Amino acid sequence: MIEPTLILIKPDGLKKSLTGNILTRLSETKLDIIGAKIVKVSRELAEKHYAGLKGKPFFEDLIKYLMGEYHKKKVMALVYWGEDAILKVRDICGKTNPEEADSVSIRGAYGRITTAGVYENVMHASADAADAEREIKLWFNPEEIIEAIYPVEEKEIEIIDKKWREEA
Ligand code: DAT
Ligand code: MG
């Protein structure tokens, strides 16, 4: 099935200058990139992203990790799209625990567990189609993605938008 999936290069990946390496590994999947941006992650966004893990003993550390408290305060968010995208990306990403991940997977090659027990596993990849849809809608607006992956509706809302100031 042709489907989208959300990828995050987490703050440790950015701090360690692994962006290029990770994107190169992901290009092995031959999937299309249909959205990409750098995001400064708020607590609200981090908690929504990992809402399913609320109550776990590692939740607070996980939120701080995604917000960049331990590294750099930024994340690279990407939407990849193509045949069996979710499975292909999860495969090359490797297991959640970087010590259990296949050593040629991205997490196996670049991840670590800190002495405090934080899994610094350098990237996120959606686990299934429902997660992908929820996560993509959380991280991206429709106009930031160049394919029509989910239905959209036009809504009239009052917004104050920032534009570059025109110098005289
Ligand atoms: P995945 O990221 O492989 O989808 P997940 O959704 O179960 O795994 O967990 C989300 C993140 O939470 C994971 O990337 C790292 C962290 N995490 C999961 N289990 C953990 C544990 N036992 N100890 C510390 N962090 C953990
Ligand atoms: Mg998950």
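Numbering of ligands and ligand atoms starts at 1, following listing order. Note that this is a predicted model, so its numbers are computed, not measured. The basis for the numbers below is simple: all heavy atoms, side chains too, and nothing from hydrogens, waters or symmetry mates.
A heavy-atom separation below 4.0 Å is found between Gly117 and ligand 1. Residue contact check for ligand 1: Lys95 places no non-hydrogen atom closer than 4.0 Å to it. Heavy-atom distances between Lys10 and ligand 1 reach below 4.0 Å in at least one pair.
Closest to atom 16 (C) of ligand 1, if we only count protein heavy atoms, is Leu62 CD1, 3.7 Å. Given atom 19 (N) of ligand 1, the protein heavy atom at minimum distance is Phe58 CZ, 3.4 Å. The shortest contact between atom 22 (N) of ligand 1 and any protein heavy atom is with Tyr119 OH, 3.4 Å. The protein heavy atom nearest to atom 1 (P) of ligand 1 is Thr96 OG1, 3.5 Å. Residue, atom and distance of the protein heavy atom nearest to atom 4 (O) of ligand 1 are Arg90 NH1, 2.8 Å. Nearest to atom 2 (O) of ligand 1 among the protein's heavy atoms is Arg107 NH2, 3.0 Å. Looking only at protein heavy atoms, the nearest one to atom 9 (O) of ligand 1 is Leu53 CD1, 3.5 Å.
For the pair Lys37 and Phe140, the cation sits on the ring face: its NZ or CZ lies under 6.0 Å from the ring centre, inside 45° of the axis. Both the sub-6.0 Å distance and the 45° axial angle are satisfied by Lys137 relative to the ring of Tyr150.
Not a single donor-acceptor pair under 3.5 Å links the side chain of Glu120 to the backbone N or O of Ile113. Between the side chain of Ser126 and the main chain of Leu6, a donor-acceptor pair closer than 3.5 Å is present.
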Trace of the side chain to side chain donor-acceptor pair (under 3.5 Å) decision for Asn121 with Tyr110 = CA-CA 7 Å; Asn121 55 12; Tyr110 301 123; over 6 Å; no

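How far CG of Leu14 is from CD1 of Ile22: 7.5 Å, rounded to the nearest 0.5 Å.
Relative orientation of the Trp139 and His49 rings is perpendicular, given thresholds of 30° and 60° on the angle between their planes.
An N or O contact shorter than 3.5 Å links Asn121 to ligand 1 by distance.
Salt bridge status for Glu69 with Arg43: absent, with no side-chain N to carboxylate O gap under 4.0 Å.
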